[in-house]
Peer 1: 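The structure is given below, and queries will be raised subsequently.
Since the model is a prediction, treat every value here as computed from it, not as a measurement. Letters A, B, ... are given to chains in the order of the sequence lines, protein chains preceding strands, and every chain is numbered from 1.
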Amino acid sequence: MKNTLSSILNTASKKLEYIKNIDFTFEKPKSDEHGDLSTNLAMTLSKQLKKNPRQIAQEIIDSIEFDKNIVEKIEIAGPGFINFFFSHSYLSEKVKQIHAEKEVFGKSKKYQGKRANVEFVSANPTGPLTVGHGRNAVSGDTIANMLEWIGYEVDREYYFNNAGRQMRVLGDSVRLRYLELLGQQIDFPQDYYQGDYIKEIAKDIFVESGDKYISETAEGIFKERAEREIFKDIERTLKRLNIKHSIYFNENSLYEDGKIEALLKLFEEKGLSYQKDGATWLKFSELGNQQDKVIIKSTGEPTYRLPDIAYHVTKFDRNYDLIIDLFGSDHNATYPDVLAALKALGYETEKIKVLIHQFVTILQDGEIVKMSTRKANYITLDELNDEVGADVVRYFFNMRSISTHMNFDLNLAKKHSDENPVFYLQYAHARICSIIKTVKDQDINSSLENLDLLTTPEEIGLLKKLNHFEDEVLQSGESFEANRITSYLEELASAFHKFYTFSRILGTEKNLAEARLALAEASKIVIANGLKILGVSAPEKM
RNA sequence: GCCCCCGUAGCUCAGUAUGGAUAGAGCAGUAGUUUCCUAAACUAUUGGCCGGAGGUUCGAAUCCUCUCGGGGGUACCA
């Protein structure tokens, strides 16, 4: 729709100098009286041209050439909006396109040939994924889906770290539990991992090998075993949500491949690093950030910043056109340093989009549950999945903007109440499947020949909604906002339910019945495609 | 102290990028709809000083300043 209008408006550039090289923007007016699409172009131009916006709007309208078969009328309204009303034949033409394109309807080639990397989850294997990780996982995977729909070739990447203090503590937690099983008196530190899964891993080792590892260090078998088991669980949890990463990037490889060393050398050559108090510092204060930070501790161990920077260098080396980092707000202090360092090294940091999602607050029995992996006080993603199912989990996380602090009322989610709109969408889809089956039995087959018969307000409302799908997908993908898709689908389902209520297929004159069936089938395709983007199933029956 | 996010209807949230036309939706509430393709639906309706105060503008939920409230950060932890 927007493309069609852009090219129509461009015809005005033959007569109007100021229309040249303008990137037209359109919005969908809130009220139907204001047309199908609208632009505030004349109002924007009025400042620069110093003319009355309504007068500019009139000039534009007078200068454009358009086909009455596409645009029925153009109006100037309010302070200077130009409102466009599409013709019925243009709107119904979309039904033919949907029938022709089916499951690829809505896909765009705009970013064809471009490659994107979406890094998400990236939780270290220290325990089961929590509800908070769930938000990250679902958002990341859906963003990847949306990018694919607008033409990108996408890699889904998981970055993890199996060196460092965190994992050492994990290994030692298992070791202590193991010693406990051997009958030793242990002192289990408070800041160690308290969860039962630690005891289970220790028990497995004990059952298999007895006291064979009584003198083993934390870094050996204990850490290895814990990491392997926990990672396996994480992958299984993600798989339940239909999430699968294509690349697992291990921090260790950065050391093994000499990437860290090379980076350190580069910093030194460029005069960006210096030594102080036995540590190596990076001059972030000269790169526009608040203060210098340590990249190598006096103990010789790097801080997380150094491998993070090196890791992002590899993303640039892998030639992505778009690099997305998705993480929780607890990490919001780390990315300015990484970006500043990359920029100083000459990388095009504009390619990196850092998306930060806010925390999920869990309400259980009206009380906020404070979560901490270490204290084992959390609700796992698996538990949530058990309670409400993957469709609800995916839809729930997708329906809100990632920047919002989300309240997740467990009791409510468990209830399966009407408050969850995923059922509303799925029901619309199931209903259509049911109609198609019923009317096929009565020998009614959809036809694209008489779409001009679709003239009731409900039919036209549905046609209009279907016409917006491609624009919505594009806009969602470009802004990385899945909640645009969920809102759109809810409106589409609502338009369909209205159509269903007022436009019967059975008992209607044949040509009209066949046209209505074609419209219903088109709605089914679009709902299914939208749900596909979100990673939610489209059931045939409910 | 400083940085990031949030504050819009009883509840959960859109709308803020690019300022525009009477501020939207779902749920809850109220009143209705089914001899008829799935009532997990539909129709009508109640409900708002867009946290507050200034400012910019022909025009502000949207931009600027200040302020109040909530969350997350601010390590030689990740």
Peer 1: Is the centre of the A:Tyr159 ring less than 6.0 Å from the centre of the A:Tyr248 ring?
Peer 2: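 Ring centres of A:Tyr248 and A:Tyr159 not closer than 6.0 Å.
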Peer 1: B:rA78, B:rC77, B:rU74: which one has an atom nearest the side-chain heavy atoms of A:Tyr304?
Peer 2: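 Of B:rA78, B:rC77, B:rU74, B:rA78 is nearest to the side chain of A:Tyr304.
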Peer 1: When the nearest nucleotide of RNA chain B is assigned to A:Gly278 and to A:Cys433 on a heavy-atom basis, which residue is associated with the more 5' position?
Peer 2: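 That would be A:Cys433.
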Peer 1: Taking the six-membered ring for Trp and the single ring otherwise, decide whether the centroids of A:Phe160 and A:Phe249 are under 6.0 Å apart.
Peer 2: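 No.
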Peer 1: Which nucleotide in the list B:rG72, B:rG71, B:rC76 gets nearest to the side chain of A:Asn332?
Peer 2: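 The nucleotide sitting nearest to the side chain is B:rG72.
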Peer 1: From the list B:rA14, B:rG72, B:rA75, which nucleotide is the closest neighbour of the side chain of A:Arg305?
Peer 2: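 Selected nucleotide: B:rA75.
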Peer 1: Parallel, tilted or perpendicular: which fits the ring planes of A:Phe26 and A:Phe84, with parallel below 30° and perpendicular above 60°?
Peer 2: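 Ring orientation, 0 to 90° scale: perpendicular.
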Peer 1: Of the listed nucleotides (B:rC37, B:rA14, B:rC76), which one gets closest to any side-chain atom of A:Val294?
Peer 2: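 It is B:rC76.
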Peer 1: Name the orientation class of the two ring planes belonging to A:Tyr192 and A:Phe188 (parallel below 30°, tilted from 30 to 60°, perpendicular beyond 60°).
Peer 2: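 Taking A:Phe188 first and then A:Tyr192, their aromatic rings stand perpendicular (interplane angle over 60°).
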Peer 1: Using a cutoff of under 3.5 Å, can you pull out all pairs of nitrogen or oxygen atoms linking the protein to nucleotides 42-51 of chain B, with atom names and distances?
Peer 2:
| unit_1 | atom_1 | unit_2 | atom_2 | d |
| --- | --- | --- | --- | --- |
| B:rC42 | OP1 | A:Tyr424 | OH | 2.5 |

Peer 1: Measure from the side chain of A:Tyr500, starting at C-beta and using heavy atoms only, and say which of B:rA39, B:rG70, B:rC77 lies closest.
Peer 2: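 So the nucleotide nearest the side chain must be B:rA39.
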Peer 1: What about A:Ser434, does its side chain sit under 3.5 Å from the base of B:rC37 through a donor-acceptor pair?
Peer 2: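 Such a pair does not exist between side chain and base.
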Peer 1: Ignoring backbone atoms, establish whether A:Ser403 has a side-chain N or O less than 4.0 Å from OP1 or OP2 of B:rC6.
Peer 2: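 Looking at the OP1 and OP2 atoms of B:rC6, one of them is under 4.0 Å from a side-chain N or O of A:Ser403.
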Peer 1: Contact class for A:Asp277 vs. all strands (heavy atom < 4.0 Å): base, sugar-phosphate, or nothing?
Peer 2: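 Base contact.
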Peer 1: Between the protein and nucleotides 16-24 of chain B, which nitrogen or oxygen pairs come in under 3.5 angstrom?
Peer 2:
| unit_1 | atom_1 | unit_2 | atom_2 | d |
| --- | --- | --- | --- | --- |
| B:rA21 | OP2 | A:Lys30 | NZ | 3.2 |
| B:rA21 | N6 | A:Ser38 | OG | 3.0 |
| B:rA21 | N6 | A:Asn83 | OD1 | 3.1 |
| B:rA21 | N1 | A:Asn83 | OD1 | 3.3 |
| B:rA21 | N1 | A:Asn83 | ND2 | 2.9 |

Peer 1: What pairs with A:Thr334 under side chain to side chain donor-acceptor pair (under 3.5 Å), at least two apart in sequence or on another chain?
Peer 2: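 Testing A:Thr334 for side chain to side chain donor-acceptor pair (under 3.5 Å), a comparison that skips the adjacent residues, returns none.
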Peer 1: Thinking salt bridges, do A:Lys293 and A:Asp337 make one under a 4.0 Å N-O criterion?
Peer 2: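 Result for this pair is yes, salt bridge flagged.
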Peer 1: Touch check for A:Glu540, heavy atoms < 4.0 angstrom, all strands: base, sugar-phosphate only, or nothing?
Peer 2: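 Result for A:Glu540 = base.
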